[in-house]
Amino acid sequence: MSEEIDLTGDGGVIKTIVRHAKADAVAPTTDNPVVDVHYEGVLAETGEVFDTTHEDNTVFSFEIGKGSVIKSWDIALRTMKVGEVAKITCKPEYAYGCAGSPPDIPPNATLIFEVELVACRARKSSNLGSASEERARLEELKKQRQMAAAAKEEEKKKREEAKAAAAARIQAKLGSKKVQGKGKGKAK
């Protein structure tokens, strides 16, 4: 896995790149502060998933720096590029703090998010250019979502195949132990 990057200097927000963006990928800027992300959030203590966009293949959109998300997301998303996937570990003071977010997030919870930056764009009130540019942007976003969904499905298929192979190996070992055990009993 990639190296951990301490984005806050106090261990409050740690970013680990899971998949790098292409070299020419764009990053959020003051001109393009609205981001679209896929994510899955888990409780660090239990590994329990408390929120995800992967089940229904939706994207979550927000404007960086407006305080509409937890502090760690505003910090981490500024450092990402479109196409990048990162694991972001958020200490409570950069997430929901001592209050938590009942019922899913307990007080003082450290959270781990796997976040993919799907797109970044200008605010709606900004000049978006021609309608054809907007259609092209939406078409590209749709293509990126489909590619992400296909990759996720492929990963799921590989995990299921690996689980089935492991189960078969275990079953084979158990079967051979039963045969060995029966043989020993008959030898007495």
Is Tyr39 reachable from Phe62 through a run of I, L, V, M, F, W or Y residues, each pair having side-chain heavy atoms under 4.5 Å apart? yes
Nearest heavy-atom contact between Leu7 and Ala76 is CD1-CA, 3.6 Å
Residue set satisfying side-chain contact (heavy atoms from CB on, under 4.5 Å) with Glu63, at least two apart, ordered chain then number -> Pro33, Val34, Lys66, Arg123
Please say yes or no: joined through hydrophobic side-chain contacts below 4.5 Å, possibly via intermediate residues, are Val13 and Val42 part of one cluster? no
Expected output: side-chain Asp6 to main-chain Gly11 donor-acceptor under 3.5 Å: yes
Nearest 0.5 Å please: distance from the CG atom of Asp36 over to the OG atom of Ser61. 3.5 Å
Electrostatic pair Glu93-Lys71, nearest N-O below 4.0 angstrom: no
Residues in salt bridge (charged side-chain N to carboxylate O under 4.0 Å, His left out) with Glu84, at least two apart? Lys15
With sequence neighbours excluded, what pairs up with Asp10 under the side chain to side chain donor-acceptor pair (under 3.5 Å) test? Thr8, Tyr94
Might you work through the side-chain contact (heavy atoms from CB on, under 4.5 Å) test for Glu114 and Val85, ending with a clear yes or no? CA-CA 7 Å; Glu114 185 168 289; Val85 177; 3.7 Å; yes
If you group Ile, Leu, Val, Met, Phe, Trp and Tyr by side-chain heavy-atom gaps below 4.5 Å, do Val49 and Ile105 land in one group? no
Looking only at heavy atoms, what is the nearest atom pair of Pro28 and Cys120, with distance? N-SG, 3.8 Å
Could you list the donor-acceptor pairs under 3.5 angstrom formed by side chains in residues 160-173, with sequence neighbours left out?
none

Please walk me through it: do Val59 and His38 pass side-chain contact (heavy atoms from CB on, under 4.5 Å)? CA-CA 5 Å; Val59 292; His38 273 302; 4.0 Å; yes
Mind listing the closest non-hydrogen atom pair of Ile70 and Ala95 along with its distance? CG2-O, 3.6 Å
Nearest 0.5 angstrom please: Lys87 NZ to Glu4 CD, how far? 6.0 Å
If I take atom NZ from residue Lys156 and atom CD from residue Glu153, how far apart are they, to the nearest 0.5 angstrom? 5.5 Å
Could you go through Asp31 and Thr29, starting from their C-alpha distance and side-chain angles, then the distance that decides it, and tell me whether this counts as side chain to side chain donor-acceptor pair (under 3.5 Å)? CA-CA 5 Å; Asp31 291 334; Thr29 62; 5.0 Å; no
Pairs touching residues 100-113 that satisfy side-chain hydrogen bond (donor to acceptor under 3.5 Å, both in side chains), sequence neighbours left out: none
Closest approach of Cys98 to Pro107 (non-hydrogen atoms, all atoms of both residues): O-CB, 3.0 Å
From CD1 (Ile64) to CG (Leu77), nearest 0.5 Å: 5.0 Å
Is there a chain of hydrophobic side chains (I, L, V, M, F, W, Y, each step under 4.5 Å between heavy atoms) that links Ile14 to Phe113? no
Would you find more than 12 non-hydrogen atoms of other residues, nucleotides or ligands less than 6.0 Å from Gln146 atom CD? yes
Can you tell me how far apart CD (Glu155) and NE2 (His54) are? Round to the nearest 0.5 Å. 9.0 Å
Smallest heavy-atom separation, Lys81 atom then Ala23 atom, equals NZ-O, 3.9 Å
Decide yes or no on side-chain contact (heavy atoms from CB on, under 4.5 Å) for Val35 and Leu117, but give the supporting numbers first. CA-CA 7 Å; Val35 295; Leu117 180 55; 3.7 Å; yes
Closest non-hydrogen atoms of Pro102 and Gly100, given as atom of the first, atom of the second and distance, are CD-C, 3.7 Å
Go through the structure and list residues passing salt bridge (charged side-chain N to carboxylate O under 4.0 Å, His left out) with Arg78, not counting sequence neighbours. none
Under a 3.5 Å distance rule, please check whether Asp74 uses its side chain to pair with a backbone N or O of Gly65 as donor and acceptor. yes
Is there a side-chain contact between Met80 and Glu116 (heavy atoms, below 4.5 Å)? no
I'd like to know if Val69 and Ile112 are part of one continuous hydrophobic network [Ile/Leu/Val/Met/Phe/Trp/Tyr, side-chain heavy atoms within less than 4.5 Å]. no
CZ of Phe50 to CD of Glu40: how many Å apart, nearest 0.5 Å? 9.5 Å
